[in-house]
Amino acid sequence: MQQKIIILDFGSQTTQLIGRRVRELDTFCEILPYNKFPADDPSVIGVILSGSPYSVHDPNAFRVDLSQFMGKYPVLGICYGAQYIAHTGGGRVECADSREYGRAHLAMVDTQNPLFRGFDKDSQVWMSHGDTITALPEGCHAIASTGDVLNAAYASDRYPLWAVQFHPEVYHTLQGKQLLKNFVVDICGSQQQWSPASFVDTTVRELKEQLGNDRVILGLSGGVDSSVCGVLLNRAIGDRLTCIFVDHGMLRKNEFQKVMEAYQGLGLNVIGVDASDKFFADLAGVTDPEQKRKIIGRDFVEVFNAEAHKITDARWLAQGTIYPDRIESLSITGMTIKSHHNVGGLPKEMHLQLCEPLQWLFKDEVRRVGRELGMPDRLIKRHPFPGPGLAVRILGDITRERVRILQEADDIYIENMLAYVCDDGERLYDKVWQAGAILLSTVRSVGVMGDERTYEHPVALRAVTSTDAMTADWAHLPYDFLAKVSNEIINKVRGVNRVCYDISSKPPATIEWE
Ligand code: XMP
């Protein structure tokens with residue numbers, strides 16, 4: 001049986017990070033809303049309570065009945081989790097004199113306690129709270145303090161309970177990984193058997209059981225998630241999987257052909273549909289970004305539906321939904337919800353059941369699973385690309401000519417990025433989360449080429465670093481790389497006479513321009 005750690009989410013920004021850290025310990029975990037602890041799940045081996053934007057004294061604070069798991073499983077409370085356990089157990093939580101925020105060093109730490117095994121005496125930790133625990137519940141004792149925080153960590157004499165007011169999941173808590181390992185492996189007894197190989201074995205077996213002899217339809221986009229989903233399903237049910245790949249005409253240069261070939265090389269049963277005429281016709285004259293997105297979404301569903309209806313015996317619709325998509329949709333505070341890009345308007349009337357085999361994976365795990373399945377790097381390491389494609393990277397209305405110009409500029413940019421190897425031997429492309437060119441077709445500027453005056457469009461280059469696309473920083477690309485790309489684009493792409501580099505972070509900008 002797959003062992004699992006349950007992480008109860010009280011709305012902290014870093015809950016996902018706790019999940020990632022646990023997975024990095026090759027241990028399966030589920031992040032659930034704070035009030036959704038699963039009763040009677042024999043695979044649970046431990047429980048972690050996350051931080052929260054609320055104070056325990058806030059009337060709106062999230063409350064949970066601790067008796068569901070306290071004493072039954074090892075429990076680790078983090079920040080709000082620690083304060084909530086102290087508060088409900090008869091301890092005292094008060095507003096700190098000054099907000100305890102940022103780096104701190106442990107002044108006392110009980111390295112005999114299993115939670116702190118291997119810790120340095122003055123280990124650096126990261127604090128982020130307005131309240132502090134001034135009195136511990138009966139039966140609890142402090143196991144670490146900092147100069148300012150007496151009860152930086154505590155443990156119970158009665159229950160398998162540990163709690164820390166700092167954040168072990170963030171990078172700035174230098175021995176945070178050690179702490180989580182102590183909890184997950186030593187205290188909870190994880191056998192660390194969660195790996196891409198075990199995931200593939202288990203999932204293929206489960207898919208075979210779930211799908212039997214049914215036929216499944218999958219929409220492929222060329223992106224990592226849907227591609228890995230396709231190969232995994234293909235392993236389980238072979239030709240009973242039919243994939244549909246729609247070309248809306250706004251993919252990258254030659255992408256449709258290249259991706260089709262890659263899919264066929266992987267043995268996938270894939271139908272390619274060139275629907276570009278329809279998309280260009282429906283987008284003619286449309287300049288508003290949201291309008292463009294709506295039209296593309298609607299047309300996509302129409303085209304996909306028409307194709308899918310031809311497969312009359314299909315019972316299932318598979319999707320490459322991954323864990324962050326689901327967590328965002330489940331988010332309990334409502335602050336981080338964003339529309340679920342990948343679903344893109346599910347054809348509801350098709351009456352198909354949903355199959356989402358990657359729904360528990362983080363992006364990097366999807367890549368590891370893809371590698372395990374023997375997929376080529378050019379599919380696995382691909383940057384994310386928006387469903388509406390270059391349409392959201394062309395300002396103003398969209399024409400075939402503008403798409404062609406942008407495809408040329410984008411191709412030069414990306415090919416150069418793939419070819420550029422950094423000092424540490426890694427490709428520049430692999431250091432970047434996502435890169436692409438944007439055609440500023442509503443803008444013109446004057447230039448000179450030879451003896452000729454030009455009056456043409458600029459291209460903006462965008463490249464960002466990120467871990468989940470929720471926040472992103474602009475990538476500090478090397479100047480020599482930018483110089484080469486700029487020269488090549490201006491010299492080779494007719495219609496472009498200027499190249500700019502976008503140095504905006506998200507937030508407040510977004511990754512895509514539209
Ligand atoms: P933004 O522009 O919101 O983008 O910062 C965040 C991430 O989502 C991608 N993106 C999309 N992906 N369909 C998709 O499948 C879409 O409509 C869509 N819009 C944006 C974007 O490329 C980035 O990775």
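Note that ligands are numbered from 1 as they come in the structure, with each ligand's atoms numbered from 1 the same way. Keep in mind that the numbers below use all heavy atoms, side chains included, and drop hydrogens, waters and symmetry copies.
Aromatic pair Tyr80/Phe62: ring centres not closer than 6.0 Å. Taking the six-membered ring for Trp, Tyr34 and Phe10 have ring centres closer than 6.0 Å.
Ligand 1 has no N or O atom lying under 3.5 Å from any N or O atom of Ala469, backbone or side chain. In terms of polar-atom proximity, defined here as any N/O pair under 3.5 Å, Glu512 does make such a contact with ligand 1. Where the criterion is an N or O separation shorter than 3.5 Å, residue side chain and backbone included, Pro388 fails it with respect to ligand 1.
By the 6.0 Å contact criterion, CG on Asp424 is enclosed, its count of non-hydrogen atoms from other residues, nucleotides or ligands being greater than 12.
Looking at Arg293, Lys506, Gln434 and measuring to atom 17 (O) of ligand 1, the nearest heavy atom belongs to Arg293.
Contacts classified as side-chain hydrogen bond (donor to acceptor under 3.5 Å, both in side chains) and involving residues 236-245 (residues at least two apart or in different chains) are given here: Arg215-Thr242.
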Atom pairs and distances, side-chain donor-acceptor, residues 380-400, under 3.5 Å, sequence neighbours left out:
from, atom 1, to, atom 2, distance (Å)
Arg382, NE, Gly222, O, 2.9
Arg382, NH2, Glu255, OE2, 2.2
His383, ND1, Ala435, N, 3.2
His383, NE2, Tyr429, O, 2.8
His383, NE2, Val432, O, 3.2
Arg393, NE, Glu512, OE1, 2.8
Arg393, NH2, Glu512, OE1, 3.4
Arg393, NH2, Glu512, OE2, 3.0
Asp397, OD1, Arg402, NH1, 3.0
Thr399, OG1, Arg402, N, 3.1
Arg400, NH2, Ser276, OG, 3.2
Arg400, NH2, Asp277, OD1, 2.7

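Every heavy atom of His383 sits 4.0 Å or more from the atoms of ligand 1.
Contact atoms of ligand 1 toward Thr510: 1 (P), 2 (O), 5 (O) (distance under 4.0 Å to a heavy atom of the residue).
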